Amino acid sequence: MMRFLLLFSRQGKLRLQKWFTPIPEREKKKIIREMTTMVLARQPRSCNFLHWKDLKIIYKRYASLYFCLAIENHENELLALEVIHRYVELLDKYFGNVCELDIIFNFEKAYFILDEFLLGGEIQETSKQIVNRCIESSDMLQETMEEYMSKPAF
Amino acid sequence: MSPSVPLQEMIRAIRSARTQCEERGVIQRECAAIRAQFRQADNGGRSHNLAKLLYVHMLGYPAHFGQMECVRMIASPRYSEKRVGYLGAMMLLDEKQDASLLITNSIKNDLSHSNQYVQSLALCTLACMGSAEMCRDLAPEIDRLLRASNSYIKKKAALCAVHIVRKVHDLGELFAPAARSLLAEKNHGVLHGAVVLITELCERSPETLERFRKTVPDLVQIMKGLVISGYSPEHDVAGISDPFLQVRILRLLRILGRNNEAASDAMNDLLAQVATNTDSTKTVGNAVLYETVLTVLDIKSESGLRVLAVNILGRFLLNNDRNIRYIAMTSLQRIVGTDHNAVQRHRGTIVDCLKDQDASVKRRALELSLALVSATNIRSMMKELLLFLSSCPLELRAQAASGIFNAAERYAPSQRWHIDTILHVLTTAGGDVRDETVPNLIQLITNTSELHCYTVHKLYRALLSDISQQSLVQVACWCIGEYGDLLLRGECQETEPVQVTEDDVLDALETVLQSHMSAPATRGFALTATMKLSTRITDNVDRIRSIVSIYGSCIDVELQQRAVEYNALFKKYDHMRAAVLERMPVIEKNSPGHTNGESTREAVKEVQPAKVKQAETLLPQQPTSQVCDLLDLLGGSEEPLQPNPAVGSTVPVLPISTSSTAGGDLLDLLGGLEPTPLTSAPTVTVYEKGGVTLTLSSEKQSDSGLTVTLTACNSTDSDISSFTLQAAVPKSVQLHMKAPSGDSLPARGAAKVTQMVALSNPNKVNLKMRIRISYTSQGSAFQDTVQVDSFPEH
């Protein structure tokens, strides 16, 4: 199972955090600090896999964002790379040529998309189109409900 | 999608803050506004307030005051508010917060909501932060959803069930039947969820595993469908149909086929098909191949399939992608024990990976290379490993050095090669080797007597070039001290002859002594070596004498002590010098004797009487003292005898045994210096109580002098510590107690403590002695007194 997913910028600013196990707040902050230090210190063309405590850390850099996924020791690292890539593709499809700013200003949408793709530390849906369709339907539901109630969304 | 304006305005405001302080100010204002809004009655902006708070929380600021708002929002009928409320619950609440219990009811209600997206919110939150109580509460509901709902909900319910099983193991039984039936679904999302659930159930309970073995044919069928099916736009990733599902099925097959012949047979064909047909040009394909290889190697597969798997790993090793090389080595590491020959075939590639730029790859390559060293390839492998050692990153050096030592010890083709290798390691990475290396190496050198000449020449040359590597310098000094005569003789069979004069050698040692790079232990080595040379060289003894006397006033107490003792050796005991400084005997590897406590003074080790008999000295040995304090310096300290290679870093020092005084203040026992044969004195047991036995033996030294040896032994089952003896004698008798050999008696007589008492009875009164014994055993202190009225004499 996956333990956590972190997105942070090259300056170490956190853009998204998803934890799949219950961890106290202070511990979370500590882990975030350690991850950012470890990953940002890596050379540009090095291996995407790290060892940290008893977990494997898979990280990949997309433009200015680092995606950092922690998986348990028995998981498939190459597949984890694919999971990260799939999430980026989903974001890209939704926002249209996604960039870091999109994720900053629409962080709650990024979470919603993630929650349609992963659940409880496992992959929930393997088809890109289905995930996209579900997100669109949820958004539609939100808007129609809001229109119906004639109140603005967010 | 309409942008959420107030939220984005706030984000813009925060980002435009130029300093941390400014940002804090903005956030404080916003938080105050949010708090005020929360306290108000229902207004339209609730969801954007909570969204703002969540953003602030992500930046790292406290947001716990939003927890109750999350609970309220989740209970709201509006979808937008529920959505943000549940998101807030997942971010701010976890099972340890009390507020999380309050949402249990909302989740329960929403699980049966008419709208599937609301249901999905509830399922998502439950799977993310559901506590054990919540899981127990809602498990029947999840089971219902597993059976009767649309595929969108079913796939989420399956993963929810996985979470529940992880939290509450017993509930696995509840979900097993539903999981079984889910395998018949066509929807990939549901199938994936079902496979994950079954995997979880099988990992938790062996009985469930047995039951699910029957599903192997179904799984094989599904997998075959995926592999040979044509292009499916829904699930295709770079030509592979649904790699995520394929990998999960392969993992489940691994668990089901492990240790089971029948199941493994059923999947053989499939695995072969996947292994050969999967396109390995992209990462996706390699991910599937990787999982296949792991499965093949873990189940009872036929040998042809295993060879295929190892070959795939071999291909991975040659891949340009670093990640693939890394995982290839990780997998090979796992099977190097079982399929050693198969892995050996790829040794060349693995050794090449030692030169890779990436630190992770290097680490893996090192571990694998060390595992692949064998008697046949030792020479070539060692060449590569030594090359690696000279250029490897710092964090790997210690591991590499110790790995090389182990390999050298096990497979050394010749003694000379072994010594050469160790010397090479010491010159390149001397700072990173373990402490036992020095005594181990010394012991190795003494054991190869035919190579003494060669070794000392090599070490001398190494010493001349570089004195910064402490381990190397220590060994070099020791060898020069021991075999200096061979060095000066000049000729040597194994290396080219080189003329070394006595001054050269003494210069080298003096450089070590004076250099600021030398550690105190190293200087000790050098001083002792200088001293030893005094018997091995002919001309420059005066120079040695002057060096030794200079260090008699050195600030370092250890060096000072040695220098003073050596001085004494020159002055008063010159006649003994030759015997004392003779060549050391061969050191046995596991010699008895142990350090007393964690003495950081390397000079002191305990010696057993039996070992002492081997030494050239014929004098009655006295146990060494644990604490060489300054008083002992004047009183004539007992110097340690042969070094003990099994124990930490030791300094082999001359076997002096003096029981005399340099200052002459204390009792003069010159009689003890006469070479008297070591005959065993008759012993008498004077005390035996509580498992502690004290025996006494005495030896007449002179007309009025008597040496009494007290030996204590512990036959109980627990160790005794702080064992001390005190003695009292009649008024006219003079008593001098030497330091005991130790103060702890290990259980069951594993070792003894001896203590010498020197008595002088000039008036020849009737000798009596009262001995007080005190010690600590099992946490409590004991004390006892015994009177000895007669002494056995011979």
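Values in this document were obtained by computation on a predicted structure and should not be read as measured data. To find a chain, count down the sequence lines: A is the first, B the second, and so on, and within it residues start at 1.
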Heavy-atom contact with chain A under 4.5 Å, split by part of [X]:
X: Arg363(B); value: neither
X: Asp356(B); value: neither
X: Arg12(B); value: both
X: Lys167(B); value: side chain
X: Ser120(B); value: side chain
X: Asn323(B); value: both
X: Met58(B); value: both
X: Leu54(B); value: both
X: His192(B); value: side chain
X: Tyr152(B); value: side chain
X: Ile11(B); value: both
X: Glu234(B); value: both
X: Met91(B); value: both
X: Val118(B); value: neither

What distance do [X] atom [atom1] and [Y] atom [atom2] have between them, rounded to the nearest 0.5 Å?
X: Ser127(A); Y: Asp236(B); atom1: OG; atom2: CG; answer: 11.0 Å
X: Leu123(B); Y: Gln124(A); atom1: CG; atom2: CD; answer: 9.0 Å
X: Leu294(B); Y: Asn76(A); atom1: CG; atom2: CG; answer: 7.0 Å
X: Thr330(B); Y: Lys56(A); atom1: OG1; atom2: NZ; answer: 7.0 Å
X: Tyr55(B); Y: Phe105(A); atom1: OH; atom2: CZ; answer: 7.0 Å
X: Gln116(B); Y: Leu141(A); atom1: CD; atom2: CG; answer: 9.5 Å

When Lys28(A), His74(A), Gln43(A) are compared by non-hydrogen pairs under 4.5 Å with chain B, the top option
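Among Lys28(A), His74(A), Gln43(A), the one with the most close pairs to chain B is His74(A).
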
Let's test your reading of the structure: which of Glu77(A), Glu136(A), Gln17(A) forms the most heavy-atom pairs below 4.5 Å with chain B?
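Highest number of heavy-atom pairs under 4.5 Å: Glu77(A).
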
Got a salt bridge between [X] and [Y], using NZ or NE/NH1/NH2 to carboxylate O under 4.0 Å?
X: Glu125(A); Y: Lys154(B); result: no
X: Glu108(A); Y: Arg83(B); result: no
X: Lys156(B); Y: Glu116(A); result: yes

With the side chain counted from C-beta on, respond yes when [X] and [Y] share a heavy-atom pair under 4.5 Å apart, and no when they do not.
X: Lys128(A); Y: His235(B); result: no
X: Thr283(B); Y: His85(A); result: no
X: Ser138(A); Y: Tyr79(B); result: yes

Go through the steps to decide whether Tyr117(B) and Ser137(A) satisfy the test side-chain contact (heavy atoms from CB on, under 4.5 Å), and finish with yes or no.
CA-CA 9 Å; Tyr117(B) 297 108; Ser137(A) 309; 2.8 Å; yes

Quick check on [X] against chain B: is it the side chain, the backbone, both or neither that has a heavy atom closer than 4.5 Å?
X: Lys29(A); result: side chain
X: Leu81(A); result: side chain
X: Arg86(A); result: side chain
X: Glu75(A); result: both
X: His51(A); result: side chain
X: Leu118(A); result: neither
X: Ile32(A); result: neither

For [X] against [Y], the heavy-atom pair lying closest together:
X: Arg322(B); Y: Ser46(A); answer: NH1-CA, 3.9 Å
X: Leu79(A); Y: Ala287(B); answer: N-CB, 3.9 Å
X: Leu245(B); Y: Thr126(A); answer: N-CG2, 4.5 Å
X: Ser80(B); Y: Gln142(A); answer: CB-CG, 3.6 Å

Who wins among Lys82(B), Glu200(B), Lys155(B), Arg248(B) for the most heavy-atom pairs under 4.5 Å with chain A?
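Heavy-atom pairs under 4.5 Å are most numerous for Lys155(B).
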
Counting heavy-atom pairs under 4.5 Å with chain A, which one of Gln357(B), Arg166(B), Arg325(B) comes out on top?
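So the answer, after comparing Gln357(B), Arg166(B), Arg325(B), is Arg166(B).
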
Take atom [atom1] in [X]; do more than 12 heavy atoms of anything else shown fall under 6.0 Å from it?
X: Arg258(B); atom1: CZ; value: yes
X: Glu395(B); atom1: CD; value: yes
X: Lys93(A); atom1: NZ; value: no

Using only atom types and a distance under 3.5 Å, with no angle test, would you say the side chain of Asp115(A) pairs donor to acceptor with the backbone of Cys124(B)?
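No, the answer is negative, given that no donor and acceptor are paired below the 3.5 Å cut-off.
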
Going by atom types alone, do Ser360(B) and Arg42(A) pair a side-chain donor with an acceptor below 3.5 Å?
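On atom types as modelled, these side chains qualify, holding a pair under 3.5 Å.
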
For the pair Tyr326(B) and Phe49(A), name the ring-plane relationship: parallel under 30°, tilted 30 to 60°, perpendicular over 60°.
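If you compare the ring of Tyr326(B) with that of Phe49(A), the planes turn out tilted.
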
Are His188(B) and Ile130(A) close enough, and set up right, to give a side-chain contact (heavy atoms from CB on, under 4.5 Å), and what steps lead you there?
CA-CA 11 Å; His188(B) 280 217; Ile130(A) 295 183; over 6 Å; no

Between Glu25(A) and His64(B), does the side-chain contact (heavy atoms from CB on, under 4.5 Å) criterion hold? Intermediate values first, please.
CA-CA 11 Å; Glu25(A) 196 65 43; His64(B) 42 269; over 6 Å; no

Take Glu82(A) and Val247(B) through the side-chain contact (heavy atoms from CB on, under 4.5 Å) test and state the conclusion after the steps.
CA-CA 12 Å; Glu82(A) 285 303 309; Val247(B) 166; over 6 Å; no

